[in-house]
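Single-structure report; data block below.
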Amino acid sequence: MNEQHNSLKQIIQGRIEKLQTLKNDGVNPYPHHYSPSHQSADIHANYTELEGKTVRVAGRIMSMRKMGKASFCHIQDSSGKIQSYVRRDDVGEDSYKHFKLLDIGDFIGIEGYVFKTKTEETSIHAAALTVLSKSIRPLPIVKEKDGETFDAFSDKEQRYRNRHLDLIVNPDVRKTFVDRAKILSHLRSYLDNLGYLEVETPVLQPLYGGANARPFKTHYNSLDQTYFMRIADELYLKRLIIGGIDKVYEMAKIFRNEGIDRNHNPEFTMLEFYEAYGDIYSMMDLVEDMLRTAAEKVGKLQLNWGDMEIDLSKPFEKKPILELLKDATGEDLGNATVDELVTICKKHKLSIPDQLNYGRLLDELMRRLVEPNLIQPTFVVDYPKEISPLAKSHRNGDPSLVERFELFIGGAEFANAFTELNDPIDQRERFESQKRLMEEGEDEAHPVDENFLQAMECGMPPTGGVGIGVDRLVMLLTENRWIKDVILFPALRSVD
RNA sequence: GCGCCCGUAGCUCAAUGGUAGAGCAGUGGCCUCUUAAGCCAUUGGCUGAAGGUUCGAGUCCUUCCGGGCGUACCA
């Protein structure tokens with residue numbers, strides 16, 4: 001970055017000179033290939049069998065302790081670190097001279113026999129060294145002793161902008177992303193095993209839909225049309241249900257044009273899955289089991305999330321939204337008018353949304369008064385129809401309710417699911433009322449999607465559908481409180 | 001978007017408005033079981049950028065850039 005700074009310039013210049021010295025001595029600092037026989041973790045795990053045997057390991061030099069005619073270094077590979085003892089009389093004078101030209105950050109291959117130092121640290125007694133890649137830019141120097149870390153590379157901005165450095169020097173970061181991969185892999189195989197088909201639907205869409213959110217807008221040059229980045233893949237997946245793919249899912253990158261904070265990144269991953277002949281009740285069972293088994297894959301059912309202790313081993317609770325609101329406000333909000341909701345919001349000293357409608361007000365009450373208290377996993381059910389334009393009317397006959405659940409854990413939303421609305425006449429009416437909301441200024445109302453309606457008119461089976469916020473799930477299961485810590489390259493303003 | 005805080009060497013951090021420092025890393029030297037290796041010496045800065053106040057600014061003021069935290073938006 002700041003190439004004008006002399007200190008960094010000098011370090012880089014010095015390393016380039018060492019690089020040249022190696023070349024002049026006939027050493028190729030960037031060879032094409034090396035064949036390690038073991039990973040460092042293998043050697044630690046199988047010390048007894050390997051003691052005295054010759055191994056080859058390859059990795060990045062993370063520390064060096066050079067003495068006159070012998071040195072120790074630690075090298076790091078993808079499984080961890082291992083120490084090597086490099087003695088001039090064993091590797092030869094030239095090779096030792098070249099070794100002393102290496103820096104922290106360089107890659108080397110070490111061939112030698114496995115032994116333990118007098119302090120009982122498993123090490124490799126080097127017989128041959130191979131330079132595998134010379135680095136010319138310095139790494140952050142992190143030291144540790146007895147599990148304590150010194151001068152950790154901790155500046156969040158630097159870590160996110162230089163994730164490669166973060167991964168090299170902060171082992172927990174790697175672990176989080178290994179766990180993330182395990183979780184995603186589990187979600188997929190869980191659905192695969194149930195006979196679901198994984199699909200991909202358009203990211204660039206002529207019309208957005210399937211959620212309440214502001215989209216990113218772009219221009220498609222060759223069509224000379226406005227396109228949107230998807231805010232959900234729901235409507236496309238339902239078209240596939242209509243098309244006869246009875247069990248379908250997509251691990252979808254979603255884009256929403258909204259703020260960045262510890263729980264939100266403008267692009268994030270959502271798993272949506274739909275099952276013909278299912279409903280929210282069958283989907284609840286599936287989701288509960290899917291999340292619990294995902295937690296088992298990462299190794300913990302009892303999680304510390306911030307200062308909350310969350311237990312995924314117990315059955316998830318189920319509670320109607322209006323009951324939760326009644327407990328919180330003392331009022332029955334089932335048939336409340338907008339004015340009444342405003343009064344209640346004021347009574348609880350809540351901010352009044354700019355866009356005054358039933359949905360916004362109810363959401364405000366939920367967010368402030370109910371959601372923060374939903375710490376243990378809770379399925380909130382029986383949502384008002386007005387805020388659920390894609391969900392089917394409730395089978396209990398109450399015309400104001402739909403079959404929907406949202407799963408809350410640790411005060412945050414993890415899943416949203418419907419018994420999908422499959423009545424095309426009803427769906428058209430719901431879109432019409434969304435359109436009226438939009439005309440009243442609600443900028444997150446669903447636009448009418450005529451193509452989707454026509455598809456539904458061709459007949460859609462009863463269906464259960466779920467969306468799961470994958471990043472949030474990873475946050476919970478890896479006990480991270482910041483979404484930036486579970487996304488490798490989180491959104492940051494670019495530096496010009 | 002709004003509010004508060006922050007930005008000093010490659011990394012981690014100091015510096016009542018009065019000459020910009022330390023540790024690690026780097027460089028040179030000594031050192032064949034070290035491990036935050038050690039000992040001796042030493043390089044490295046336009047203090048995020050631009051203006052202003054002042055005899056004098058890392059420090060105070062304004063604007064801009066970037067970040068953090070909170071809040072809003074975001075189900």
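Numbered from 1 within each chain, the chains take letters A, B, ... in sequence-line order.
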Below the 4.0 Å mark, does [N] have OP1 or OP2 next to a side-chain nitrogen or oxygen of [X]?
X      : N     : value
A:K484 : B:G68 : yes
A:K116 : B:C33 : no
A:R15  : B:U27 : no
A:K66  : B:U34 : no
A:R159 : B:G67 : no
A:K118 : B:C33 : no
A:R161 : B:G67 : yes
A:W482 : B:C69 : yes

Taking atom types as they are modelled, would you say the side chain of [X] forms a donor-acceptor pair with the base of [N] within the 3.5 Å cutoff?
X      : N     : result
A:D155 : B:C11 : no
A:D103 : B:G26 : no
A:Q83  : B:U34 : yes

Nearest to the [X] side chain among [options], which nucleotide is it?
X      : options             : result
A:K156 : B:C73, B:C69, B:A36 : B:C69
A:F150 : B:A36, B:U12, B:C73 : B:A36
A:I11  : B:G70, B:U34, B:G26 : B:G26
A:R493 : B:A36, B:G10, B:G1  : B:G1
A:R65  : B:C31, B:C73, B:U34 : B:U34
A:D151 : B:G44, B:A36, B:U12 : B:U12

SB check [X] [Y] (cutoff 4.0 Å):
X      : Y      : answer
A:R230 : A:E250 : yes
A:D106 : A:R60  : no
A:K326 : A:E331 : no

Work out how far the [atom1] atom of [N] is from that of [M], and round it to whole angstrom.
N     : M     : atom1 : value
B:G44 : B:G21 : C1'   : 13 Å
B:A14 : B:C6  : P     : 12 Å
B:G48 : B:G66 : P     : 16 Å
B:U8  : B:G68 : P     : 15 Å
B:C40 : B:C13 : C1'   : 25 Å
B:U19 : B:G58 : C1'   : 14 Å
B:U27 : B:C65 : C1'   : 35 Å

Q. In whole angstroms, how far is the P atom of B:U71 from the CD atom of A:E258?
A.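 After rounding, the gap between these two atoms is 17 Å.
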Q.
Before we go on, tell me: are the rings of A:Y249 and A:F273 under 6.0 Å apart, centre to centre?
A.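 Centroid separation for A:Y249 and A:F273: 6.0 Å or greater.
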Q | Closest-nucleotide 5' rank along RNA chain B - winner of A:F115 and A:A213 | A |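 Final value for this comparison: A:F115.
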Q) Taking the side chain as C-beta and beyond, is there a heavy-atom pair between A:Y85 and A:I124 under 4.5 Å? A)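 Not in contact.
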Q.
For A:E406 and A:Y383, which I'm curious about, is there any donor-acceptor pair between the side chains at under 3.5 Å?
A.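 On atom types as modelled, these side chains qualify, holding a pair under 3.5 Å.
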Q: Write down the partner of B:C13 under the Watson-Crick or G-U wobble criteria, each distance required to be under 3.5 Å.
A: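 B:G21 is the nucleotide pairing with B:C13.
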